[in-house]
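So you know, we letter chains A, B, ... as the sequences are listed, proteins then strands, and number each from 1.
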Number of protein chains: 2
Amino acid sequence: MTDLDARRTPVTQRAVEEIKRRISDGRFGPGDRLPTERDLAADLGVSRSSMREAIRALITLGVLESRHGAGVYVTALRPSDLLETFSVLAEVSQGATLLEVLQVRRMLEPAATALAAARADDAQLAHIGTLLEDIDGGDGTVSADLGFHQAIVAATGNATLAAVNDGLSSASFHTRVWAGHRQAGLTAKLREDHHRIHEALLARDPDAARAAATAHVLRVEDWLRTELRGQAAPGVESAVRADRER
Amino acid sequence: MTDLDARRTPVTQRAVEEIKRRISDGRFGPGDRLPTERDLAADLGVSRSSMREAIRALITLGVLESRHGAGVYVTALRPSDLLETFSVLAEVSQGATLLEVLQVRRMLEPAATALAAARADDAQLAHIGTLLEDIDGGDGTVSADLGFHQAIVAATGNATLAAVNDGLSSASFHTRVWAGHRQAGLTAKLREDHHRIHEALLARDPDAARAAATAHVLRVEDWLRTELRGQAAPGVESAVRADRER
DNA sequence: ACCCGTTGGTGGTCGGACCACTCTGGCACG
DNA sequence: CGTGCCAGAGTGGTCCGACCACCAACGGGT
C-alpha cells in the first residue's frame, strides 16, 4: 500500500513519518544518536536537502535535537520538551481566543490544584510558599505569579499536565492581566486568592484547593470579559494596529 | 544587540525569527501570501535552502502553509491549526506518559462534555448521533470513536479546547486502546458509555454528561493501568528492541 | 461568450560543494 | 610515564544551480 500512497505524497513528509515510526517502535530510542544525515538520506532514498527539511520539522516539534559537528539526537521525549510549540498559541492569540484559553484553564487548574493538595510533598509546599512571598513583596510580580501557578501544577507530578498548562499560560498574557489588575485595583483580591490556595495546599484539602483555584481563574476570566466588552482594542498594545490597507 | 547575537546564531533560526516578527507586526497578515521563497531568501540574505528550512519549521508550527505551484500563505492562526504539533506527544509517548495524558483528559473531557450539553445546537447533536451509529455498526470503529469524541468537544464552541483535546487524542493511541478493548471484551461497556453520554447531551443535562464522560475516561484509564502493570513492555511493539551494541 | 490548451511562475526535489564545529587519537613535550 | 596540544576525520550548517511537478492566469480557438 505504501507504494501507491507514496506516489503523491511529498518526499519530505514521508521521511518525517518514517523517522517518527522508527522512534515510536523503538529503533531510535530517547537519547540515541541518529545515523548521519547523509546515511539517513541514502537509507530512505531521498536527497540530503529533503532529509534536512524532515529533520528540521522534527526538531521544531521537539522530538529531535542537533549538535553542530556532533550529530542528531532523539530528545528525552519529556512532555516539557514539547511545550514551547504550544505556547505560541497563547502568545499570538488575542481577544476572544484568550477567553477560550481561560476557559480551558478553568477546567484544568482546579483539578490540578486539587491533585497538588493531595500529592505535594513538604519541599514542594515550602517552595510554593516562597514563591507566594515573592508575589506579595517583590517587584517582579508577573514572573512570580507565573512561577507560583506553575509550581503548583508541577507539584502534581504529572509532567504532561504541567506542559499543557504552561503552554496555556504565556508570560505575555500574564503581563497584560497584571497590568489591568493593577489599574483596576484588584491586586488585593488576587493576593487573597493566592493565600486561600496556599492554605488549602498546606491543609492537604483537595476540595478547598479546587474551590480556591476555580474562584481565582474565574476572577481573571470575569476581568478579561469586562475589559473586552468595554473596549474593542485592548489597553496594553493598541497603538500597533495601523496596518490594514495594502 | 541583534547584530552581535546574529553573529553566532544559525542563519535558519534567524530567518524563522524574522518571518515571525513580520507576521506579528502585521507586515504579513493571516491569509496573506508571502513573497517567493527565492525573493524572501534574497531579501534576508540567505540561500533558498536555508529559507526553505525556516519555512518548513513555521509550517510545522502551523503558522504557514504552502500550496505547491501557488505560493506560501499565512494561516488564519486559529487554534485548530496549531493542533497537530501537540498530537505528536500522544503519538510518541509510551507507558507512564500515556497515563499522564489520560489524567489530563479526565480533567478536560467531563467539563467539555458538560459544556457541550449546555451549548450544542440541534444540528451538532444530530451529527454526533450519526457518528455514534457509525461506531456501533461500522467497521472503522477507531476513527469513528475518535470522531465521536472530537465532535462533542467541537460542540462546545471553544476552538482552543478542541485543539488541546484533539492533541491529547492521537489516532494511534485510540487504535491501541480499541485493539485492547476488543480482546478484553470491553466493547460492550464502551458502547454503553457512549450511549449514556449521548443521552445526556440530548437531554441537555450537563451534570449527567459530566458524570458519563468521567466514567468513560476512567474506564479507559483503568484498562491502561492494568495493561501496563501486567507487562512492562507494551504488547504492540515488543520484538523490535535488539539494538544496543555498536 | 465560453472552453481549453499554453505558458510563466511557484514550490518540491535533487546532487554536489564548501564551511564550521566537535571529537578523538597520536604525537611531542615535560 | 604522564600531560597537553594539535591535526585529522566526521558531522551538521550553508550555499549554489539545475530540473521536475503543479497551479493559475492569459490567450486563441470555436
Side-chain angles (χ1 to χ4, degrees), chain A residues 2-19 22-23 28-75 81, chain B residues 2-19 22-23 28 30-75 81 84 245-246:
Chain A
T2 320
D3 301 81
L4 292 180
D5 288 355
R7 188 67 60 184
R8 289 297 171 189
T9 319
V11 176
T12 298
Q13 184 177 330
R14 264 187 288 162
V16 170
E17 297 299 331
E18 178 59 25
I19 296 180
R22 294 191 182 186
I23 291 179
F28 297 152
D32 283 358
R33 174 181 160 177
L34 266 64
T36 67
E37 294 179 347
R38 294 165 175 87
D39 290 348
L40 218 47
D43 187 11
L44 301 196
V46 304
S47 71
R48 185 156 93 104
S49 314
S50 303
M51 178 55 64
R52 277 188 59 78
E53 279 193 41
I55 292 177
R56 168 69 55 188
L58 289 171
I59 289 177
T60 304
L61 287 177
V63 175
L64 299 180
E65 77 182 306
S66 77
R67 305 175 202 167
H68 192 168
V72 179
Y73 295 79
V74 181
T75 65
D81 296 331
Chain B
T2 319
D3 302 84
L4 292 179
D5 288 356
R7 188 68 60 184
R8 289 297 171 191
T9 317
V11 176
T12 298
Q13 184 178 330
R14 263 187 288 163
V16 170
E17 298 299 332
E18 178 59 25
I19 296 180
R22 294 193 181 185
I23 290 179
F28 297 152
D32 284 357
R33 174 182 161 175
L34 266 64
T36 310
E37 290 181 349
R38 294 164 173 89
D39 291 348
L40 219 45
D43 187 10
L44 300 196
V46 304
S47 71
R48 185 155 92 105
S49 314
S50 303
M51 178 54 63
R52 276 188 60 79
E53 279 193 40
I55 292 177
R56 167 69 54 187
L58 290 171
I59 289 177
T60 305
L61 286 176
V63 175
L64 298 180
E65 88 185 289
S66 79
R67 305 175 201 166
H68 191 168
V72 179
Y73 295 79
V74 181
T75 66
D81 297 330
E84 187 185 348
E245 65 287 354
R246 55 181 302 274

Worksheet item: Between A:T36 (side chain) and A:D39 (backbone), is there a donor-acceptor pair under 3.5 Å?
Response: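 Flag set: sc A:T36 to bb A:D39 pair under 3.5 Å.
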Practice prompt. Look at B:S66 and C:dG12 and indicate whether a side-chain polar atom (N or O) is within less than 4.0 Å of OP1 or OP2.
Written response: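 For C:dG12, OP1/OP2 do have a side-chain N/O of B:S66 under 4.0 Å.
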Discussion item. Just N and O in the side chain of A:T12: are any of them under 4.0 Å from OP1 or OP2 of C:dG12?
Written reply: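 Checking C:dG12 against A:T12, no side-chain N or O comes under 4.0 Å of OP1 or OP2.
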Practice prompt. Tell me, please, the opening and closing nucleotides of DNA chain D, 5' to 3', among those with an atom under 4.0 angstrom from a non-hydrogen atom of chain A.
Written response: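 Endpoints of the contacted stretch of DNA chain D: D:dG10 to D:dC22.
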Nearest-angstrom distance from the residue atom [atom1] of [X] to [atom2] of [N]:
X: B:R48; N: C:dG11; atom1: CZ; atom2: C1'; value: 7 Å
X: B:L64; N: C:dG12; atom1: CG; atom2: P; value: 11 Å
X: A:R52; N: C:dG15; atom1: CZ; atom2: C1'; value: 15 Å
X: A:R38; N: C:dC18; atom1: CZ; atom2: C1'; value: 10 Å
X: A:R14; N: C:dC14; atom1: CZ; atom2: P; value: 8 Å

Worksheet item: With sugar-phosphate meaning primed atoms plus P, OP1 and OP2, does A:S49 contact a base, only sugar-phosphate, or nothing at under 4.0 Å between heavy atoms?
Response: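 Counting heavy atoms under 4.0 Å across all strands, the contact made by A:S49 includes a base.
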[atom1]/[X] to [atom2]/[Y] distance, rounded to the nearest 0.5 angstrom?
X: B:M51; Y: B:E37; atom1: CE; atom2: CD; result: 8.5 Å
X: A:E53; Y: A:Q13; atom1: CD; atom2: CD; result: 12.0 Å
X: B:T75; Y: B:I23; atom1: OG1; atom2: CD1; result: 7.5 Å
X: B:R52; Y: A:S50; atom1: CZ; atom2: OG; result: 7.5 Å
X: B:I55; Y: B:T12; atom1: CD1; atom2: OG1; result: 11.0 Å

Distances under 3.5 Å only, N/O to N/O: pair up the protein atoms with those of nucleotides 21-25 of chain C.
residue	atom	partner	partner atom	Å
C:dC21	OP1	B:R8	NH1	2.5

Fill in: Heavy-atom pair of closest approach, residues A:L40 and A:P35
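What the structure gives for the nearest pair is CD1-CG, 3.8 Å.
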Side-chain polar contacts of residues 63-71 of chain B - donor-acceptor pairs under 3.5 angstrom, sequence neighbours left out - could you list them?
none

Worksheet item: DNA chain D: A:V72 or B:V46, which has the more 5' nearest nucleotide?
Response: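 Looking at DNA chain D, the more 5' nearest nucleotide goes with A:V72.
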Discussion item. Could you check whether B:D32 pairs with B:R22 (Lys NZ or Arg NE/NH1/NH2 to Asp/Glu carboxylate O, under 4.0 Å)?
Written reply: no
Fill in: Selected nucleotide, minimal atom distance to A:P10 side chain, candidates C:dT10, C:dG12, C:dC14
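The nucleotide sitting nearest to the side chain is C:dG12.
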